[in-house]
Engineer: 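Here it is, the structure, as structure tokens.
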Amino acid sequence: MKNSDADWMQACLRLARRNRGRTATNPSVGTLLVKDGIVVGSGVTAIGGRPHAERLALDEAADCAKGATAYVTLEPCAHHAATPPCAQALIDAGVTRVVAAYIDPDERVDGKGYAMLREAGIIVEAGVCEAQAGEDLAGYLTRKRQNRPHVTLKFAQSADGYIGRAGEEVAITGPVAVSYGHRMRAEMDAIAVGHGTVEADDPSLTCRLEGLTDRSPHRFVFASQLDLATNLATTARVTPTTLVSATPPSAALAQIGVCHMPVEFHEGVMALPEVLEDMAAQGISSLMVEGGAKLAQSFLDAGLVDVIALFRSPDALGSGIKAPVIPQTFNEPRHLTLGADTLTLYAKA
């Protein structure tokens, strides 16, 4: 049975997910070159962001690229950077048709790649599996359009609505849910917690799934006082990390660190949106906020949460810190069963 454009694009999207969270400032893009129903070349954006997926697929296909259809999850670039435009590379290779999922919002591209291809006589089909591609590219799209990372707020709550106890490490969910949470970390550029979480749990904030330990995100800690942040820099297990001084629950923040040690101190107080802009300037496209309650509420109050990942346990805790209230501006698109626990993903409407 002949595969449709949507079938090939779904395969392309799966390919692109391999390097999500590992491609620096570039998005993880997938490319398939198909000729006479056979894949003659494939590529996914390399770790670090280059080479781009199109060039890797063209290198693999070599002369077989001539007359092929290229399936690409994001519009081929049209600008000269470290390498010539990928749109030109597809033209030079003799590709006769390009099927793309999502237009690139980068002002240097933004339809220009499609225009180059069409001017060269190549058939362009745009918007195939666009909704799915937009979800997969959410980090890159948010950074380009809003100048901040795409923020996922993740927390686990007991059956009676608690996320933990003050000053005490409490396991809410079981091993399947915990493993899934580590998988989420592996696909993020950065992770953030509040100083209370560090004091209570002394977390490593790394991905500890076998085979994915090298995909741990950059780590950020929000501390309530400058001297506490300084202390964390020398004693907490989370270093190297970015330390951010905050005054909960106001979301007035002063950034005092960078992603890698040694810690550098920066003067001045920034509002939470400005801190996220600073993260975006460092190339961070996706940020997962894992706690605690005050930090979560600060992000929610500022309207800077895009997705809420709520892990629910069937067991009651009895007492503790109440879970944040999910705003009505979030819908409830889907549930996942993870052993005895469930994960509900809420997206901003």
Engineer: Among Glu54, His52, Met9, find the residue that satisfies the side chain to side chain contact (heavy atoms under 4.5 Å, CB included) test when tested with Val72.
Structural biologist: Glu54
Engineer: In this structure, are over 12 heavy atoms from other groups packed under 6.0 Å from Asn331 atom CG?
Structural biologist: yes
Engineer: Check this for me, if you would: do Glu135 and Arg20 make a salt bridge, where the nitrogen-to-carboxylate-oxygen distance has to be below 4.0 angstrom?
Structural biologist: no
Engineer: To the nearest 0.5 Å, how far apart are SG in Cys86 and CG in Leu117?
Structural biologist: 10.5 Å
Engineer: Are Tyr102 and Asp136 close enough that a side-chain donor and a side-chain acceptor fall under 3.5 Å?
Structural biologist: no
Engineer: Would you mind reporting whether Ile163 and Pro324 have side-chain heavy atoms less than 4.5 Å apart?
Structural biologist: yes
Engineer: Considering non-hydrogen atoms only, spot the tightest contact between Thr45 and Pro27 and give its length.
Structural biologist: OG1-O, 3.2 Å
Engineer: Given side chains that start at C-beta, do those of Leu310 and Leu343 come closer than 4.5 Å, heavy atoms only?
Structural biologist: no
Engineer: Please report the closest heavy-atom contact between Val193 and Leu295, naming both atoms and the distance.
Structural biologist: C-CD2, 3.3 Å
Engineer: Could Glu187 and Arg22 be called an ion pair, given the rule that one side-chain N must be under 4.0 Å from one carboxylate O?
Structural biologist: no
Engineer: Check whether the side chains of Ser28 and Arg17 place a donor and an acceptor atom closer than 3.5 Å, and report yes or no.
Structural biologist: no
Engineer: Give me the atom names and distance for the closest heavy-atom approach of Gly318 to Asp160.
Structural biologist: N-OD2, 2.7 Å
Engineer: Hey, what do you get for CE (Met188) to SG (Cys207), rounding to the nearest 0.5 Å?
Structural biologist: 12.0 Å
Engineer: Do Val289 and Val305 touch side chain to side chain, with heavy atoms closer than 4.5 Å?
Structural biologist: no
Engineer: Considering only NZ, NE, NH1 and NH2 on the basic side and carboxylate oxygens on the acidic side, decide whether Asp5 and Arg97 come within less than 4.0 Å.
Structural biologist: yes
Engineer: Ignoring hydrogens and geometry beyond distance, is a side-chain donor-acceptor pair present between His150 and Ser286 at under 3.5 Å?
Structural biologist: no
Engineer: I'd like to know if the side chain of Ser313 and the backbone of Asp315 have a donor-acceptor N/O pair within less than 3.5 Å.
Structural biologist: yes
Engineer: Hey, mind stepping through Arg215 and Arg185 against side-chain contact (heavy atoms from CB on, under 4.5 Å) and telling me if it holds?
Structural biologist: CA-CA 8 Å; Arg215 299 182 66 155; Arg185 285 182 180 180; over 6 Å; no
Engineer: What closest approach, in Å, do Arg108 and Lys144 show between heavy atoms, and which atom pair accounts for it?
Structural biologist: NH2-NZ, 4.4 Å
Engineer: Going by atom types only, do Ser298 and Asp301 share a side-chain donor-acceptor pair under 3.5 Å?
Structural biologist: no
Engineer: Does the side chain of Asp189 reach to within under 4.5 Å of the side chain of Pro217, using non-hydrogen atoms?
Structural biologist: no
Engineer: Walk me through whether Asp104 and Tyr140 qualify under side-chain contact (heavy atoms from CB on, under 4.5 Å).
Structural biologist: CA-CA 10 Å; Asp104 191 339; Tyr140 174 74; 2.7 Å; yes
Engineer: What distance do Lys154 atom NZ and Tyr180 atom OH have between them, rounded to the nearest 0.5 Å?
Structural biologist: 11.5 Å
Engineer: Would you give the length of the straight line joining atom OG1 of Thr344 to atom CZ of Phe330, rounded to the nearest 0.5 angstrom?
Structural biologist: 14.0 Å
Engineer: Going by heavy atoms in the side chains, are Ile172 and Leu317 under 4.5 Å from each other?
Structural biologist: yes
Engineer: Would a distance-only check, ignoring hydrogens and angles, find a side-chain to backbone donor-acceptor pair under 3.5 Å from Asp341 to Gly174?
Structural biologist: yes
Engineer: Ignoring hydrogens and geometry, is there a side-chain-to-backbone donor-acceptor pair from Asp306 to Val151 under 3.5 Å?
Structural biologist: yes
Engineer: For the pair Lys66 and Asp92, evaluate salt bridge (Lys or Arg N to Asp or Glu O under 4.0 Å) and give the outcome as yes or no after the intermediate values.
Structural biologist: CA-CA 9 Å; Lys66 187 174 183 179; Asp92 295 342; over 6 Å; no
Engineer: Keeping Lys348 on the side-chain end and Gly303 on the backbone end, is there a donor-acceptor pair under 3.5 Å?
Structural biologist: yes
Engineer: At what distance, to the nearest 0.5 angstrom, does CD1 of Ile308 lie from CZ of Phe299?
Structural biologist: 12.5 Å
Engineer: Closest heavy-atom contact between Leu15 and Gly30?
Structural biologist: CD2-CA, 4.4 Å
Engineer: Please report the interatomic distance CG(Leu13) to OH(Tyr71), rounded to the nearest 0.5 Å.
Structural biologist: 13.0 Å
Engineer: For Ala78 and Gly113, work out which heavy atoms get closest and say how close.
Structural biologist: CB-N, 3.5 Å
Engineer: Does Arg183, at its CZ atom, have more than 12 non-hydrogen atoms belonging to other residues, nucleotides or ligands within less than 6.0 Å?
Structural biologist: no
